[in-house]
2 protein chains.
Amino acid sequence: MVHQDKNQNDEKDISLKLFVVLNRAMQSIKKQVEEDIKRYGLNQTEFAVLELLYHKGDQPIQKIGSKVLIASSSITYVVDKLEKKKLIRRKPCPNDRRITYATLTEEGEEFMKNIFPEHKEAIHDILGGVEIEEKKMMIDQLKKLGTYANKDRS
Amino acid sequence: MVHQDKNQNDEKDISLKLFVVLNRAMQSIKKQVEEDIKRYGLNQTEFAVLELLYHKGDQPIQKIGSKVLIASSSITYVVDKLEKKKLIRRKPCPNDRRITYATLTEEGEEFMKNIFPEHKEAIHDILGGVEIEEKKMMIDQLKKLGTYANKDRS
DNA sequence: AAATAATATCTCGAATTCGAGATAATTATA
DNA sequence: TATAATTATCTCGAATTCGAGATATTATTT
């Protein structure tokens, strides 16, 4: 085996290692975050939808799916649940009758105003394993990784 | 608001940002990896179990759960599926009759020998967004993040 | 204008995961 | 040794997510 091949194998080992570590770290972090969110009586998907509406305003149901990265059939389910909890409601679009907006109720608005700072605090605590400068680096690197992963490599 | 408070808010924003980016990157990467694994007729959990047995040898079913990070009830399900596919089989432990080992069949061994290099290659391709030195840094940082997240912070 | 394509939401059934608790075997304690 | 505690696996029902396809509406093409 020539030197060049050896290096390439090493690099693949590093990639594999990174994938494994990324997986584990994410799983640990998600578990903790999930636990925080459970305190508010929600799961991560429900919270993500509320957060989107809270920060970006009313959204067509379909847009929610692409932002929160879940399938259209799953959104219907989540929106139903949040509607039952009276945190959001459906509002038909007057111009395009195919579209239904999801919008925070007063109650939902109030709810998010209360819990979001706590949630942010919790995430900050959970991510306390690295310094701020490292976080900034990781953000850049993860963006590159994510963007590249989405590209077509075939 | 005094200067100190402002900095702390900034830091929390960075943490939140890191969490969001981490989530997104992971989701993109996982989706691609899942797609690769699907080519072999498996899902990520099934593959993770096979990989564990392939690299670490026979494992008590309960050990699999803690390594692959899924609940005991889920393992039963996954092991059942892999057994139906004739890739692994259950083998009772002679010393301790509570324990059942999962072990690769000949077929499973052969299977992994064939596909694992391809899989590794695929992951390497998917993670092509950053250079090798950055990968090494990320591995260290993610380990720190993961370890810290698992700690008790209450 | 009629036919076709595209878009948005929803329904349905299947797959996966979990938590609570059942069962059986082993280990520790009184 | 009998009892209690621990450990390993499994069963069951609920929650969540997906993909395929149904329905309704709007946009495009012929």
Side-chain angles (χ1 to χ4, degrees), chain A residues 23 26-28 30-35 37-50 52-53 58-85 88-103, chain B residues 23 26-28 30-35 37-50 52-53 58-85 88-103:
Chain A
N23 236 322
M26 199 59 218
Q27 209 155 351
S28 303
K30 271 201 140 177
K31 199 167 187 174
Q32 302 295 322
V33 172
E34 181 89 60
E35 212 158 286
I37 291 177
K38 229 181 254 169
R39 297 193 302 129
Y40 319 127
L42 300 171
N43 68 28
Q44 287 198 47
T45 310
E46 292 171 306
F47 190 86
V49 171
L50 289 181
L52 178 66
L53 300 184
D58 302 357
Q59 302 284 329
I61 283 181
Q62 175 263 143
K63 285 272 178 194
I64 297 176
S66 57
K67 303 236 186 179
V68 178
L69 299 184
I70 59 174
S72 69
S73 48
S74 307
I75 309 229
T76 300
Y77 173 73
V78 175
V79 168
D80 282 351
K81 276 178 59 190
L82 288 171
E83 211 171 22
K84 267 176 209 141
K85 291 178 181 175
I88 71 173
R89 62 189 174 79
R90 285 178 163 89
K91 191 171 68 176
C93 171
N95 306 331
D96 188 336
R97 283 161 49 196
R98 289 171 302 182
I99 297 178
T100 305
Y101 286 99
T103 172
Chain B
N23 236 324
M26 198 60 217
Q27 210 155 352
S28 303
K30 272 199 139 178
K31 198 167 190 177
Q32 301 296 322
V33 172
E34 181 90 59
E35 212 158 287
I37 291 177
K38 228 181 254 168
R39 296 192 303 129
Y40 319 127
L42 300 170
N43 68 27
Q44 287 198 50
T45 309
E46 293 171 305
F47 190 85
V49 172
L50 289 181
L52 178 65
L53 301 184
D58 301 359
Q59 301 283 329
I61 284 182
Q62 176 263 142
K63 286 272 178 194
I64 299 176
S66 56
K67 303 236 185 178
V68 177
L69 300 183
I70 59 175
S72 68
S73 47
S74 307
I75 308 230
T76 301
Y77 173 72
V78 175
V79 168
D80 282 349
K81 276 177 60 191
L82 288 172
E83 212 172 22
K84 268 177 210 140
K85 290 179 183 176
I88 72 174
R89 62 189 174 80
R90 284 177 163 92
K91 191 172 67 177
C93 172
N95 306 328
D96 188 335
R97 283 162 48 196
R98 290 171 302 182
I99 298 178
T100 304
Y101 285 100
T103 171

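Each chain gets a letter, A, B and so on, in the order the sequences are listed, and its residues count up from 1.
As a whole-Å value, the separation of A/Q44 CD from C/dC18 P is 13 Å. The CD-P distance, from A/E46 to D/dA15, rounds to 11 Å in whole Å. The CD-P distance, from A/Q62 to D/dT23, rounds to 21 Å in whole Å. When rounded to the nearest whole Å, the span between CD1 of B/I99 and P of C/dT26 equals 9 Å. When the C1' atom of C/dT9 is taken as reference, atom OH of A/Y101 falls 14 Å away, rounded to whole Å. Between the P atom of D/dA15 and the CG atom of A/L42 lies a distance of 15 Å, rounded to the nearest Å. Atom NZ of B/K30 is separated from atom C1' of C/dT16 by 12 Å (rounded to the nearest Å).
Looking at heavy atoms from C-beta onward, A/N43 lies out of side-chain contact with A/I37 at the 4.5 angstrom threshold. Taking the side chain as every heavy atom from C-beta outward, B/C93 and B/D96 approach each other to under 4.5 Å. Looking at heavy atoms from C-beta onward, A/I61 lies out of side-chain contact with A/I99 at the 4.5 angstrom threshold.
Between A/S74 and A/I70, the shortest heavy-atom contact is CB-CD1, 4.0 Å.
Comparing B/K38 and A/N43, the nucleotide of DNA chain D nearest to each residue sits closer to the 5' end for A/N43. Position along DNA chain D of the nearest nucleotide to A/D96 versus A/I70 favours A/I70 as the more 5'-ward residue.
Residue A/N95 is classed as a sugar-phosphate contact, given heavy-atom separations below 4.0 Å to backbone atoms only.
Other residues, nucleotides and ligands contribute over 12 non-hydrogen atoms within 6.0 Å of the NZ atom of A/K85.
Within the structure, a side-chain polar atom (N or O) of A/R90 is placed less than 4.0 Å from OP1 or OP2 of C/dC10. For C/dA25, one of the phosphate oxygens OP1 or OP2 lies less than 4.0 angstrom from a side-chain nitrogen or oxygen of B/R97. Taking 4.0 angstrom as the limit, B/S74 places none of its side-chain polar atoms (N or O) nearer than this to OP1 or OP2 of C/dT17. For B/T100 and D/dA8, the shortest distance from a side-chain N or O to OP1 or OP2 is not below 4.0 Å. Close to C/dA15, at under 4.0 Å from its OP1 or OP2, lies no side-chain N or O of B/K81.
Taking only distance into account, the side chain of B/R98 never meets the base of D/dT9 through a donor-acceptor pair shorter than 3.5 Å.
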Check nucleotides 20-22 of chain D for protein N or O atoms closer than 3.5 Å to its own N or O atoms and list the pairs.
none

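Interatomic distance, CD of B/Q59 versus CG of B/L53, reported as 6.5 Å (0.5 Å rounding).
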*asked:* Run the salt bridge (Lys or Arg N to Asp or Glu O under 4.0 Å) test on B/R89 and B/D58 for me, step by step, so that the C-alpha distance in whole Å, both residues' side-chain angles and the decisive distance to 0.1 Å come before the verdict.
replied: CA-CA 10 Å; B/R89 62 189 174 80; B/D58 301 359; over 6 Å; no
